[in-house]
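As a basis for the values below, the full set of heavy atoms in this structure was taken, side chains included, without hydrogen atoms, waters or symmetry mates. Order of the sequence lines fixes the chain letters, A, B, ..., with proteins taken first and strands second; residue numbering starts at 1 for each chain.
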Amino acid sequence: MKLPNRLFNGAARIDWPCLPNARRIDMAAVPMVVEINRHGMLVDPRVLADLDARLQVKMAALAEDISTLAGRPINPGSFQQVGKFLFEDLRLEPTTRAKKTSTGLPSTEEDVLVGMLAQHPAVGLVLDYREAQKLSGTYCQPLQALRGADGRVRTRLMMNVARTGRLSSETPNLQNQPTRTEEGRLVRSAFIAQPGCVLSSLDLSQIEMVWAAELSHDPVMCDVFRMGQDLHVWTACALFRLDYARISGLWARYKRGELEGAELAEIRDFELTKRLPAKTLGFAVLYGVTALGLQAQILAAGGPLWAEQECQSFIDAWFHLYHGILEWLELQHYRARRYGMVWTAFGRPRAIPEVYSVHAAVRAEGERQAGNMADQGSAADHIKLVMGETMAVVDYYRGLGKICQPVLQVHDELIFELEPDIAEEFNSTGLWIMANAVRPMSVPVKAAASVGANWMELK
DNA sequence: CGGGAGCGCGCG
DNA sequence: AAAGCGCGCGCTCCCG
């Protein structure tokens with residue numbers, strides 16, 4: 001395999017599998033992990049109880065409507081019963097490729113059902129039921145049950161579960177609290193600060209894309225970040241051949257809320273039909289997405305049904321634009337085969353035995369994991385270093401007699417409980433640490449902060 | 001009735 | 001031929 005010198009020159013220092021840094025990075029994060037596990041997050045049970053009551057009513061009504069449409073009792077929580085109803089009784093057809101389940105019928109997962117919404121009103125009812133069931137059963141009820149005598153829920157952040165070096169969170173998992181729907185965000189509003197305090201969040205902006213640029217040295221992506229541009233706007237303009245100077249000007253004014261009339265309509269259309277697919281594809285590429293996977297995802301996001309060929313051209317165009325990313329992914333695959341492992345920018349290793357399998361599908365799985373590990377893992381190492389350095393700032397404010405309490409880490413963001421008079425200063429120090437914890441980097445790291453009375457108000 | 005498999009879905 | 005990385009967890013169904 002012929003690789004450009006750019007990759008070998010940049011990689012030479014780290015092109016050895018077993019640097020010892022992973023352990024030191026984990027140790028740096030331990031004090032804040034302990035703080036988070038001991039302190040917990042304060043939860044307002046009334047918010048959850050109110051939401052749950054509304055969800056129960058909704059679920060009962062939806063279950064009845066679905067049973068009426070079916071002409072017999074249906075439990076919408078049973079994928080077997082739903083599958084029989086939609087695919088046998090109604091003879092509906094999936095619009096995307098749906099894998100078969102053990103029942104012999106197509107899967108009833110969300111992507112498939114969204115594509116079939118127009119075929120029958122029952123499809124939408126099933127989706128609505130599932131959303132309500134998820135919010136009630138996974139969030140409202142367990143969070144109330146797990147509240148301690150002091151009104152706090154205490155997660156357990158685990159450091160030795162995720163093979164990329166990320167933390168994981170259990171009983172309850174506080175790293176998957178809803179944020180993507182309006183009703184889901186109400187769950188976040190139940191997480192509050194203790195009286196006299198506010199919640200504050202520090203967020204590493206687009207950190208996985210920044211690390212993709214840093215690790216690959218892709219000249220185009222690096223330049224976009226160096227210019228401080230919005231990567232997804234830039235990508236969308238390049239892929240759809242739009243005038244970047246004009247669009248980025250509109251985008252900046254749109255973000256400031258200055259647009260109206262025709263210009264507002266234009267940029268909203270741009271955001272939905274151009275920027276969103278470009279953003280989706282950016283992440284998907286690092287997961288090793290295929291054309292059919294992209295097709296299903298665009299549909300699920302409420303976008304148009306693109307032909308498989310259109311999706312493939314979109315992916316090809318992305319790799320043509322960011323050719324350095326393609327070369328770097330191939331380098332990761334090569335390393336996995338050469339060493340049986342890949343490693344992050346800081347030397348955290350991960351074994352990838354799958355690349356030696358006799359099965360092509362297993363090898364492909366290994367290559368996707370190899371391509372993703374350095375990116376996800378370097379971002380995880382990065383925030384662990386930030387956690388270590390930020391604890392010194394926490395101790396400083398505690399020395400002044402202030403309440404300054406880390407309460408959660410969610411992969412690229414940290415949440416704190418603070419007295420409001422130190423929030424601004426604490427946040428600006430935290431932002432500086434996030435941007436400078438790793439040096440030198442060839443692309444700038446950006447971070448964002450926000451303050452609110454509850455978790456829903458953050459960001 | 002506890003445990004596990006299979007499915008589905010919340011987050012980054 | 002298969003078809004998206006990393007997690008945790010709820011529900012249904014089936015088995016012992």
Asker: Can you measure L51(A) atom CG to dG10(B) atom P for me and round it to whole angstrom units?
Answerer: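 One finds 14 Å between P of dG10(B) and CG of L51(A), rounded.
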
Asker: Hunt down the Watson-Crick or G-U wobble partner of dG2(B), both distances under 3.5 Å, from any strand shown, or write none.
Answerer: dC15(C)

Asker: Could you check whether the side chain of N176(A) and the base of dG10(B) have a donor-acceptor pair of N or O atoms closer than 3.5 Å, going by distance alone?
Answerer: yes

Asker: Can a salt bridge be assigned to the pair D230(A) and R275(A) using a cut-off of 4.0 Å between side-chain N and carboxylate O?
Answerer: yes

Asker: For E365(A) and dG6(C), give me the distance from atom CD to atom C1', rounded to whole Å.
Answerer: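 It works out to 13 Å between those atoms.
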
Asker: Without decimals, in angstroms, what is the distance between E367(A) CD and dC5(C) C1'?
Answerer: 14 Å

Asker: Please report, rounded to the nearest Å, how far the P atom of dC7(B) is from the NZ atom of K100(A).
Answerer: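 Checked: the NZ to P distance equals 13 Å.
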
Asker: Determine whether any donor atom in the side chain of Q376(A) lies under 3.5 Å from an acceptor atom in the base of dC5(C), or the reverse, and answer yes or no.
Answerer: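 Present.
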
Asker: If the threshold is 4.0 Å, N to carboxylate O, is there a salt bridge linking E182(A) and R185(A)?
Answerer: yes

Asker: What nucleic acid atoms does D375(A) come within less than 4.0 Å of, heavy atoms only: base, sugar-phosphate, or nothing?
Answerer: nothing

Asker: In whole angstrom, what separates H359(A)'s NE2 from dA1(C)'s P?
Answerer: 15 Å

Asker: Do the side chains of F426(A) and V394(A) get nearer than 4.5 Å, heavy atoms only?
Answerer: yes

Asker: Measure from the side-chain heavy atoms of V410(A) and tell me the nearest of dG12(B), dC5(C), dC11(B).
Answerer: dG12(B)

Asker: Can you tell me the distance, in whole Å, between the CD1 atom of I74(A) and the C1' atom of dT12(C)?
Answerer: 14 Å

Asker: Is R152(A) salt-bridged to E417(A), cutoff N-O under 4.0 Å?
Answerer: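 Between E417(A) and R152(A) there is a salt bridge, with a charged N closer than 4.0 Å to a carboxylate O.
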
Asker: Between dG12(B), dG6(B), dA3(C), spot the one nearest the side chain of T179(A), thanks.
Answerer: dG12(B)

Asker: Stacking between Y287(A) and dC5(C), defined as ring centres under 5.5 angstrom apart with planes under 30°, is that present or not?
Answerer: yes

Asker: When you measure only distances, ignoring hydrogens and angles, does the side chain of R166(A) come within 3.5 Å of the base of dG12(B) through a donor and an acceptor?
Answerer: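 Such a pair exists between side chain and base.
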
